[in-house]
Protein chains: 2
Amino acid sequence: MRKTSTRDIANLAGVSQATVSYVLNGRQDQSISDQTRRRVLDAATRLRYRPNRLASGFFGGRSSMIGVVFPCVDSSFFGRLLFGIQEVCLEYDSVSILSFTQTDPQQEQRAVDQMLEHRVDGLLMVSGVYTGMWFDDVRTESIPCVLLDDRTHAATYDVVASDDVAGAKNAVEYLIGLGHRRIGMLGYNSPLTPVRDRRIGYEAALREAGLEVEPGIYLECEWDETPEGYGTLLFDLIDRYAPTAFFAATDYHAHDFIKAVHQRGLRVPEDFSVIGYSDTELGTGLNLSTVRQDAVAMGSTAATRLFERIASQDRERCEILMPTELVVRGSCCSPQAKGVLAGVGGKQ
Amino acid sequence: MRKTSTRDIANLAGVSQATVSYVLNGRQDQSISDQTRRRVLDAATRLRYRPNRLASGFFGGRSSMIGVVFPCVDSSFFGRLLFGIQEVCLEYDSVSILSFTQTDPQQEQRAVDQMLEHRVDGLLMVSGVYTGMWFDDVRTESIPCVLLDDRTHAATYDVVASDDVAGAKNAVEYLIGLGHRRIGMLGYNSPLTPVRDRRIGYEAALREAGLEVEPGIYLECEWDETPEGYGTLLFDLIDRYAPTAFFAATDYHAHDFIKAVHQRGLRVPEDFSVIGYSDTELGTGLNLSTVRQDAVAMGSTAATRLFERIASQDRERCEILMPTELVVRGSCCSPQAKGVLAGVGGKQ
DNA sequence: TTGAAAGCGTTACCAT
DNA sequence: ATGGTAACGCTTTCAA
């Protein structure tokens, strides 16, 4: 039982397929009599016609699909990004194909391959590892591509990222404003710019406040390291440098830190002030002060940019930096104030 | 500049398009000489051939795409669901189209329309509102469809959901085991089965323990209500029934509850034990005991089921209930134990 | 073992 | 104002 096609409509309405196409697509340059139009529209509803995008994409070279490649969706940050992208897709009457890579180059390649085979109109790469062949593929196929949340290749591609230098700087300045002078940072080993930028912002804030940037006060762990794993390092650092506050590269690292602190019987914020990053649900639960990235706006900005580039390839490359906002919750206080605060987290 | 097609390969290899198709699809029923095969494969790589799925889907009636309709991705629960779905898509060499509805029937209809136009091979509907026409559309188009996380239409469709009756029962039994006798529940107004089932499980646990199910001890708010909004109701309930523990229908409601409790200067778990539901990141941050649903497994089970049904329409309808697991963290204690615990959450 | 040709649903160009 | 027709890339049937 075949689906109804424009030919069926044409037959029922007693017109040609071309006329049906004109009516259905509302083309202006072709004039159709009202009577014909009504007959066609009528036949279409009677036959429950549903256009076949596969066919029109196949013919016209526009699939009305974009490919979205994510590392994962663990974090509510990625969820919100996705949501922003979706909203714009709807506007542009398009649909998005989603893939996850788990930051594995091979999976990333696979994802892009799939999308290219499905002839997506454009590609949105989120926090990619960018080590695969796909990078060349995208160029040789000259498919519109916007990179999201990483500025590494801003020279070559459109990029939408958040202004992490400013976000981190602002967060650390807040800690300084509270009276902290010895502020550590918890980062992780990553080839991507967001983490690097956060460190840059962190150091800039220290320098501008006339504070020394002691190299050992920055603790970098591996991405998958557990708090048990680097707890020792952490307390070595604390013993050696006596920081009173920590800026964490993500809410997850802030969480790990808080866990380690609790394990030693110490408290946040009384003993250490902490700021996280990305305003995830985890941070909400922790009552953690954090740097909010307007992920929905980032997603929609990137998607909009992508659709613009799809519409006209030959426009200038852009690098859009989205502003951040400090969300003040209960994980920070002055280094002097002790024992009067509600506290954060709980025993695990 | 056209993309390379099988015709180009055929020309370069000096064979026909049909032969190219045979080689590329590795068909067994056609025998191809090794020499020809090599020539074709060679030409394909030289021309950087990439199959056009739009074309093959268009022709063969199989798009290698499934449609996934979500209400939102606010929660890490949905993120994990998505991940499970993705994994299976990869296995079946398919791709998923994603849409969000914000539980708005019109957006839901729109999403399904889009997917049907894109000729997805099947549909995965997650926590849908199911009020739209699409319900009929799916039937008349007889497109494979699996419903995820809601059992309302288990009589008509394949359903994969979590065993929320058991999950809730287990959680409440845990509270009873701790010595609680007066246990309230926080739910919200929803037409979907998960919330209703959690209430059923809650009441079953009370009954089986010989405890009375006082109707007023169940507090139902609207989905978008703020803790400020129902705080009064909550404390009315507390005054009237003096519960010592609460079972919340979601981690979000548990969070709201905790906030309200803190606003009154009371504490969790010292004054009230609380259990949430779904094991979200929010709950992790809150150090909240909660009922974990293996969302990744749910997603992959549902997707597997969908692909099976795509492969053969005529198999029996199924209703798969996934087990849950109680995650014990720091939000519960015996009703007697006071003042000795680490506490949960913090001042907002 | 291979090739020719038809057909899928759509759109766009060029006639009428 | 409308219709005929070619073209898109692929698969498959049938014939050689």
Side-chain angles (χ1 to χ4, degrees), chain A residues 1-41 43-44 47-65 93 116-121 141, chain B residues 1-41 43-44 47-65 93 116-121 141:
Chain A
M1 181 196 65
R2 237 180 63 266
K3 271 198 154 59
T4 81
S5 72
T6 48
R7 187 203 309 284
D8 301 322
I9 300 178
N11 287 342
L12 182 58
V15 296
S16 76
Q17 270 192 76
T19 309
V20 173
S21 176
Y22 294 145
V23 172
L24 260 30
N25 298 323
R27 288 186 64 101
Q28 305 302 337
D29 56 329
Q30 294 287 335
S31 32
I32 303 285
S33 74
D34 257 19
Q35 206 209 10
T36 308
R37 175 188 312 281
R38 254 208 319 280
R39 276 226 309 283
V40 169
L41 256 20
L47 294 172
R48 302 172 152 281
Y49 172 71
R50 210 187 285 279
N52 184 342
R53 300 253 191 172
L54 243 41
S56 63
F58 167 48
F59 174 81
R62 183 125 306 170
S63 61
S64 307
M65 307 192 293
D93 196 29
L116 259 25
E117 290 184 5
H118 279 280
R119 297 297 189 263
V120 293
D121 298 330
E141 313 242 357
Chain B
M1 182 196 66
R2 236 181 63 267
K3 274 198 152 59
T4 81
S5 72
T6 48
R7 188 206 306 285
D8 301 321
I9 301 178
N11 288 342
L12 181 58
V15 296
S16 76
Q17 270 193 75
T19 309
V20 173
S21 177
Y22 294 147
V23 172
L24 259 31
N25 298 324
R27 288 188 64 100
Q28 306 301 337
D29 56 330
Q30 294 285 337
S31 32
I32 304 283
S33 72
D34 257 20
Q35 206 209 9
T36 307
R37 175 187 313 281
R38 253 208 319 280
R39 277 226 309 282
V40 169
L41 257 20
L47 293 172
R48 304 172 151 281
Y49 173 71
R50 209 186 287 277
N52 184 342
R53 299 256 191 168
L54 244 40
S56 60
F58 167 48
F59 177 82
R62 184 124 303 172
S63 61
S64 307
M65 306 194 292
D93 196 29
L116 258 26
E117 291 184 6
H118 279 279
R119 298 295 190 266
V120 292
D121 298 329
E141 314 241 357

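Chain letters run A, B, ... following the sequence lines, proteins first and then strands; every chain starts at 1. As a basis for the values below, the full set of heavy atoms in this structure was taken, side chains included, without hydrogen atoms, waters or symmetry mates.
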How long is the line joining CZ of B:Phe58 and C1' of D:dG9, in whole Å? 9 Å

If I take atom CZ in residue A:Arg62 and atom C1' in nucleotide C:dG9, what distance separates them, rounded to the nearest angstrom? 19 Å

Under 4.0 Å between a side-chain N/O of B:Thr19 and OP1 or OP2 of C:dG3, yes or no? yes

Go nucleotide by nucleotide along DNA chain C from the 5' end; which of B:Gln17 and A:Tyr22 gets its closest nucleotide reached first? B:Gln17

Look at the side-chain N and O atoms of B:Arg53 and state whether any lies under 4.0 Å from the OP1 or OP2 oxygen of D:dG9. no

From CZ of A:Phe59 across to C1' of D:dC10 the rounded distance in Å is 16 Å

Figure out the CZ/P separation between A:Arg37 and D:dT2, and round it to whole Å. 9 Å

What's the separation between atom OG in B:Ser63 and atom CG in B:Asp121, rounded to the nearest 0.5 Å? 3.5 Å

Can you tell me how far P of D:dG9 sits from CG of A:Leu116, to the nearest Å? 15 Å

Does B:Thr6 put a side-chain nitrogen or oxygen below 4.0 Å from OP1 or OP2 of D:dT11? no

When you measure from the side-chain N and O atoms of A:Ser33 to the phosphate of D:dT2, is any distance below 4.0 Å, counting only OP1 and OP2? yes

Rounded to the Å, how far apart are B:Asp8 CG and D:dA7 P? 15 Å

Flag side-chain contact, heavy atom, 4.5 Å: A:Ile32 against A:Val40: no

Taken to the nearest whole Å, CG/A:Asn52 to P/D:dG9 is 17 Å

Would you call A:Asp8 and A:Lys3 a salt bridge, taking side-chain N to carboxylate O under 4.0 Å as the test? no

Is the shortest heavy-atom distance from the side chain of A:Ile9 to the side chain of A:Val15 under 4.5 Å? no

For C:dG9 and A:Arg2 - does any side-chain N or O of the residue sit under 4.0 Å from the phosphate oxygens OP1/OP2? yes

Salt bridge or not for B:Glu117 and A:Arg50, using N-O below 4.0 Å? no

Base, sugar-phosphate alone, or nothing: which one does B:Ser21 contact when heavy atoms must sit under 4.0 Å apart? base

Taking only side-chain nitrogens and oxygens of B:Thr36, does any of them come within less than 4.0 Å of OP1 or OP2 of C:dT2? yes

OG on B:Ser33 to CZ on B:Arg39, rounded to 0.5 Å: 7.5 Å

Under a 4.0 Å threshold between the charged nitrogen and the carboxylate oxygen, would B:Arg48 count as salt-bridged to A:Glu141? no

Please give, in whole Å, the distance from C:dA4 P to B:Arg7 CZ? 12 Å

Members of residues 9-16 of chain A that approach DNA chain D, where some heavy atom sits under 4.0 Å away: A:Gly14, A:Val15, A:Ser16

B:Tyr49 side-chain proximity, nearest of D:dC10, C:dT11, C:dG9: D:dC10

